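Just so it is clear, the values below take in all heavy atoms, side chains as well, and ignore hydrogens, waters and symmetry mates. Model, not experiment: these values are computed from the prediction.
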Amino acid sequence: MNMARAYCPCFHGRRRTESSFLGSATFSVSELLRSKDDQLTLNLRSSDGVLAVGTVLVSRVNMGEMEEGDMDHITADVQQAQKCTLVCESSQGTPNDKDNSPLTGAVFKNPVCKVYKFQTVDCKWMLVREQMEECTLSFSIPRQLLHLYIQEDMRRIQELRDLGELSPHWDNLRKEVIGRYGQVIAAYQETLAELNKITGPSFKPSCSKAQRYLEFIPINLHTQRMRVMCPRQTDAFYDVITVGAPAAHFQGFKGGGLQRLLSRHEAEKKSFSTAYQCIYYSPEHTAKAQEVLHSVGHLQPLISGLADQLLQAAQQHSMAGLREALKTLAGKTEQFVHALKDELVKSALLALHAAQPGYVTKNQNQTLPGHQGHSHQDHPSPSQRGQQGQSPPQNPGHSPGQPSATDSPVVVCNNVDGGSQTAPIREDGQTPLKRQDSIPCHKEYDEEEWDRVWADVAKSLNCVIAMVDKLQEQEPINNNQEQPIPKQVLADVITSHNPEGDWREQLCPLVVRLKECVAEVVVRARRAMTFVLLQEAACSIPQGLFLKQRRDVVFSQALAALACGFVMRLYAGMEDKGFLRQLHLVGLVAQFESLLSTYSEEIGMLEDMEVGISDLHRVAFKITQAKTDDPCDLQPVVIGRRDHYTVEVPLPRLAFQTLPHEIKEGKALQVYPVLFNVGINEQQTIADRFGDISLQERINQRNFEILDSYYKSLSDKVPSECLPCFQTQTDLKDLLGTLGQNVVTKKRKNVEILWLAGTICRRLNGIRFTSCKSAKDRTSMSVTLEQCALLRDEHQLNKDYFTRALDCMRSRLTQGEVVCQWDSDPEAACSVAENKPASRHFYPIALLLVSSHLLVVWLILSLVFLLAKYQ
């Protein structure tokens, strides 16, 4: 029987980047299995195979049988001194590895693998394999988002132009807004062009975070999987995604982060609306306008297509197809009408009419209750009359029960040339509309036209339904004719006496009328909502567009990380029926663990990160079947707009067929992101003593509520058997209760919050993220500590080996081990910045934090050293 052969190269050097090749040896597995004492002594040969340069001892490892003393011959001298049990290290995985399947190879690249051997409490041995990989989504997701940003802003420009002719004031504002959008589009196109030129590693190192063209790319996005193989236990794996804090590092944090900037901007928008003579629209109203725009744009083609299906079924005389098409058409039309049944649409229509040249409004003979007193001095100024931000009319001395003196309407004309114009006053005491900084109630505005157009959609649909019902009633009569009828006679009957003979001809006029009514409503609603967004953009110039760009940057980084984590978790759970059931019934929780301090510029990073993680609620995932098994066709695709994105994850045909029916049908899969932050460095000590940690407390409390709500929903819909089993049997409800107590407890550096949140996330089949400023030192220390704690709690790691395991993992190169070689800078500067080994003694400064006196001494000595250095 042919056995596999192994190739053993040997290098001299402490680091791969500085090593030199000594020699190599080959052997077959059969030789090792037949060898005495389960070991082979091989001669190392030079590269040309002539010279013998040394020997190497290869041993066979039997799981659960090797004693501690038997490890001496497979550990290096340095490892013996450190009592570190690193078995092997590789920069490439093998195709047969569970963690390196062809499916994962499409998204995850350049694996770095290390295998350790640790002793359990029963004196057995476990193998622990760490594998870190880059993710192609670090660049592909931001590229796709930039493309979508550009398309959305270009559509917005076209919608603004489609508003038609506006008064000079509004036309100037429109030109200014279009110009700003053009600048943003140009900047995004330039960034996208530069990103398309980049080749090399699939991640952005921390030394490149200040580069403008890379600001949309997450910092140091890597996946890390720890697989544990123990005797008499099923293999287990634990995943974590490490990434630098999603923040606008290039733009800086002098003015704070997104959370503070958005709050400040929202407070200033009212004054901006007064200066620009606009209505103040809250973020909820702006979001509603965007939702209406999306709804009408999405539903109109659906209604048109369903109407065509209805006609096709009528042409085929298929009553079953007719009823099915009508049912779907009625549902979508009802959804369309409901989307437009909003006071915001009526308000915006009046505002748009008021902003057009030669604006004429016909005030109805209706009044508002409770208004008193009126004088000619209440006339609005020309600029006020020309704006949509007009308030309900003040109706003095007139109640709804009192008839007006005259029924003749008043005509108020918009001043096209900007000159003054006096608006006459109605004899019933009503005044022209006056501007206010809120969405007005327009009882005086003639809404008959909009109401008629809007109601015509429902009326047209009712006519279609009535006609289908009539055809259905007549169908049994035709089917129950017992006597055969000659063909010529039957043709005469259909032509002369049976008007229902041609269903399509009878339905076609009604269906065409329905489509025309829908199209007319769409045109009016789209222009009205676009005008709302014009006002919002005009009030926000230029700060609003700057904040939008910053938010785009942060969201791009956060979505790239989330997509990476979702794909990794999906690939790992393809054979877990309980996980797939949970996925489509409830969704997944994505827990972001942040180690940022609430001091100095890291406050701004945390504020950016808070908004970016919160914006991930607008993201859903959908699993699709890939066209082919080619890696290019297995890349996730992002579709949608800023207020809602969908990430489509393609799977090979065979893998896709194993999914539940609901997922294969394209059901949107929800993800619930939560963020917990606890600063752990010396800057956090200063913040705890002299600063403000309210931001951290608020973030933790609010996200605990989200996590608790998710757990309640999960408990109602998914049985506990679908969740993973752990050795520690603490109830999830108890863990949540303990976490709830910790988030409200005033305690410095309460890392118990992070530990509890991470444990709950793993119990809930969630996705784990760990981050700090650059995903290097603090992140790597947190990950290694968590891994060793999992080995201790879940796999009975010998307590004497806990410190050894921690030192062994931390003594190696950590998160920055993959050498970054950019085409523009292949020198060692970046490698030095990223590849410096992490110290095994992580907490020399942390010891100073135990005593405030030691901290002060350390600060003074550091200051003296710096002064001496630069003198």
request  = Take F253 and I603 through the test side chain to side chain contact (heavy atoms under 4.5 Å, CB included) and record every step on the way to the result.
outcome  = CA-CA 8 Å; F253 308 95; I603 297 179; over 6 Å; no

message = Taking ring pair (Phe, Tyr, Trp, His ring centres under 6.0 Å) as the cut-off, I'd like each qualifying pair that reaches into residues 177-198, sequence neighbours left out, listed once.
response =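 Residue pairs passing ring pair (Phe, Tyr, Trp, His ring centres under 6.0 Å), neighbours aside: Y149-Y188, Y188-F216.
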
Minimum heavy-atom distance between [X] and [Y], given as atom pair plus value:
X    : Y    : result
A558 : G612 : CB-O, 4.0 Å
C564 : L221 : CB-CD2, 4.2 Å
D608 : A248 : OD2-N, 3.0 Å
V553 : E215 : CG1-O, 3.1 Å

query = How would you list all residue pairs meeting salt bridge (Lys or Arg N to Asp or Glu O under 4.0 Å) that involve residues 289-302, not counting sequence neighbours?
reply = none

ask   = So which pairs with a foot in residues 246-265 pass salt bridge (Lys or Arg N to Asp or Glu O under 4.0 Å), sequence neighbours left out?
value = R260-E607

message = With a 4.5 Å cut-off on side-chain heavy atoms, are L606 and S594 touching?
response =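 Contact flag for S594/L606 side chains = yes.
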
message = Among residues at least two apart in sequence or on other chains, which ones pass side chain to side chain donor-acceptor pair (under 3.5 Å) with Q151?
response =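 Partners of Q151 by the side chain to side chain donor-acceptor pair (under 3.5 Å) criterion, ordered by chain and then number, come out as H147.
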
task = Just jot down the side-chain contact (heavy atoms from CB on, under 4.5 Å) partners of E520, sequence neighbours excluded, or say none.
result = V453, R524

task = Consider only side-chain N and O atoms of D162 and Q158, and report whether a donor and an acceptor are under 3.5 Å apart.
result =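 Looking only at side-chain atoms, Q158 and D162 do form a donor-acceptor pair, the distance falling under 3.5 Å.
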
query = Using a distance-only test with no angle check, is there a side-chain donor-acceptor pair under 3.5 angstrom linking K209 and S774?
reply =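 The answer is yes; a qualifying pair exists.
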
ask   = Taking N703 for the side chain and L675 for the main chain, is one N or O donor matched with an acceptor at less than 3.5 Å?
value = yes

Taking atom [atom1] of [X] and atom [atom2] of [Y], what is their separation to the nearest 0.5 Å?
X    : Y    : atom1 : atom2 : answer
Q335 : S295 : CD    : OG    : 7.0 Å
M529 : H285 : CE    : NE2   : 10.0 Å
K515 : S304 : NZ    : OG    : 4.0 Å

inquiry  = For a side chain to side chain contact (heavy atoms under 4.5 Å, CB included) check, start with the C-alpha distance between F336 and V296, then their side-chain angles and the critical distance, and finish with the verdict.
reply    = CA-CA 7 Å; F336 175 81; V296 298; 4.0 Å; yes

query = When you look at NZ of K332, are more than 12 heavy atoms from neighbouring residues, nucleotides or ligands closer to it than 6.0 Å?
reply = no

Salt bridge (Lys or Arg N to Asp or Glu O under 4.0 Å) involving E190 - partner list, sequence neighbours excluded = R212

message = In terms of relative ring orientation, are H294 and H298 parallel, tilted or perpendicular, with 30° and 60° separating the classes?
response = parallel

